[in-house]
2 protein chains.
Amino acid sequence: MAAGPTAGRVTRRRVRTRANLLDAAFEVFAAKGFGRVSIEEVCDAAGYSRGAFYSNFDSLDELFFALYRQRADMIAEQVATALASDGPGLDVPAAVDRVTEVLLLDRDWLLVKTDFLVHAARDPEVARTLLEHRARLRRAVADRLARARGHTALPAVLGSIDGAAHAVVAAYDGVTTQLLLDRDVDHARTWLGQLLTALLTDGSTRH
Amino acid sequence: MAAGPTAGRVTRRRVRTRANLLDAAFEVFAAKGFGRVSIEEVCDAAGYSRGAFYSNFDSLDELFFALYRQRADMIAEQVATALASDGPGLDVPAAVDRVTEVLLLDRDWLLVKTDFLVHAARDPEVARTLLEHRARLRRAVADRLARARGHTALPAVLGSIDGAAHAVVAAYDGVTTQLLLDRDVDHARTWLGQLLTALLTDGSTRH
DNA sequence: GGCGTTGGATGCATGAATGTATCGGATACA
DNA sequence: TGTATCCGATACATTCATGCATCCAACGCC
């Protein structure tokens, strides 16, 4: 952890600069990628000097980690609230629309998240954080599916509701990859909708 | 492009060192990630000095690009042959097994591929190369599905055979992400099998 | 096997990023 | 308003990677 006062004295100024550094870092990381960003670039973008940085963080890695947590928490909350509302029936298209609005909101977040994935893939400690985030998303989905049980059928191949939730996250990951490459957000949204429909609804209409 | 002889004279030695550099680069990139690797590290791993590197490549980026093309071609070919064989009927579990054997062969390739994705996401030129690779995979899958038409039903939500092929690749991407995080190859294989089954076969058995 | 060409090794100069130590100004609290 | 503390700026030393220019050895071709 960074230095910080031993306990009290949460200086107003400090939280502001910390937030500014995180915001600037998000921009810069999204634009150039974690591996190609220097500490100084972040500081320049935020309008501070390196002294400010080292006063708040120990390394770029730590900043990156903090940044991910901050944004991931935000997203997870938004998804949860987007799914928590309305009754027991599951209107798949409507629910999908609401969720994709959040999950595929901006490409910048996907870029940063994928950078973080690459990071996590080589550090089990970091991986745990990312897995937790995914678990939160899954839980939100599973909760929603559980309330819809009996109203809507699920494919048996996926096993439990938990399996279905896993599938939803996998579909999200798959569409993310495609979106990162073709930059077509609208197409990604409809495509994710189709995928989820294929996975979650009765697919008896076949050809 | 790197210097290289003006035209002829493809020195035997040259191709060998180039191949050695590429192999070493694969190891090093997989282990540390593209963003954290220096030219000298690659040279050390390959047993050459930087002079050899600059004689064969102009930059780390170019080496990385060449490395990706090399491996991607290999994989695409393997997948195509794994799917081209046997008759018109589609035995999903068997086909899936054969393909996952290739696609989820080693984690190192997935690591490098994801690094490359991050790279491509910020450079449309590079993205095109990756999209071509994915298109080749899709085509192999679509060809296989086309031959199975009439023998097996496909979900209508996915639209055409091409849509189904897209879905297969998306599932692959989704499982890749999960595998990078939990490092459980066996689980990833069975999980990919379930997903593909859910996407491609008649899901009339529901609960 | 000799000779001209090519490939790779070595040494050096340059630029950039990092981390730290120190200093001046802002901030919170009495 | 005064003062002790904290925060961020500046300057510096150090390390590291890069790219080039030069040199020796291996190679291909006759």
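Numbers restart at 1 for each chain; the letters A, B, ... are given by sequence-line order, proteins then strands. No experiment lies behind these values; they were computed from the predicted model shown. For the numbers below, each heavy atom of this structure counts, side chains included, while hydrogens, waters and symmetry mates do not.
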Between [X] and [N], does any side-chain N or O lie under 4.0 Å from OP1 or OP2?
X: B:Arg14; N: D:dA26; result: no
X: A:Tyr54; N: C:dG19; result: yes
X: A:Asn56; N: D:dC7; result: no
X: A:Thr11; N: D:dC7; result: yes
X: B:Ser55; N: C:dG8; result: yes

**OP:** For a side chain to side chain contact (heavy atoms under 4.5 Å, CB included) with A:Arg189, tell me which candidate from A:Leu104, A:Asp97, A:Val99 qualifies.
**Re:**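 One option only clears the test, and that one is A:Leu104.
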Original post:
Which is true for B:Ser38 with a 4.0 Å heavy-atom rule: it touches a base, it touches only sugar-phosphate, or it touches nothing?
Top reply: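 Since only primed, P, OP1 and OP2 atoms lie under 4.0 Å of B:Ser38, the category is sugar-phosphate.
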Rounding to an integer number of Å, can you tell me how far [X] [atom1] sits from [N] [atom2]?
X: B:Arg12; N: D:dA25; atom1: CZ; atom2: P; result: 23 Å
X: A:Tyr48; N: C:dG25; atom1: OH; atom2: C1'; result: 15 Å
X: B:Arg18; N: C:dG8; atom1: CZ; atom2: P; result: 11 Å
X: B:Asp44; N: C:dG8; atom1: CG; atom2: P; result: 16 Å
X: A:Phe53; N: C:dT20; atom1: CZ; atom2: C1'; result: 14 Å
X: A:Asp61; N: C:dT18; atom1: CG; atom2: P; result: 11 Å
X: A:Ile39; N: D:dG8; atom1: CD1; atom2: P; result: 16 Å
X: B:Glu40; N: C:dT10; atom1: CD; atom2: P; result: 11 Å

**OP:** Would you kindly compare B:Arg13 and B:Arg50 by the position of their nearest DNA chain D nucleotide and give the one closer to the 5′ end?
**Re:**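 The residue whose closest nucleotide sits nearer the 5' end is B:Arg50.
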Original post:
Taking the nucleotide of DNA chain D with the closest heavy atom to each, which residue, B:Val37 or A:Arg16, is nearer the 5' end?
Top reply: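 Final value for this comparison: A:Arg16.
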**OP:** Measure from the side chain of B:Ala52, starting at C-beta and using heavy atoms only, and say which of C:dT10, D:dT10, C:dG8 lies closest.
**Re:**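 When the side chain of B:Ala52 is considered, C:dG8 is the closest of C:dT10, D:dT10, C:dG8.
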Subject >> Partner set under salt bridge (Lys or Arg N to Asp or Glu O under 4.0 Å) for B:Glu27, not counting sequence neighbours >> reply: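 Scan of B:Glu27 (salt bridge (Lys or Arg N to Asp or Glu O under 4.0 Å), adjacent residues dropped) gives none.
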Subject >> From CA spacing to verdict: salt bridge (charged side-chain N to carboxylate O under 4.0 Å, His left out), A:Asp106, A:Arg71 >> reply: CA-CA 12 Å; A:Asp106 72 345; A:Arg71 303 275 169 163; over 6 Å; no
Original post:
Aromatic ring centroids of B:Phe53 and B:Tyr48 under 6.0 Å?
Top reply: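 No, they do not, as the ring centres are separated by 6.0 Å or more.
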Original post:
Is it true that A:Tyr68 and A:His133 have ring centroids separated by less than 6.0 Å?
Top reply: yes
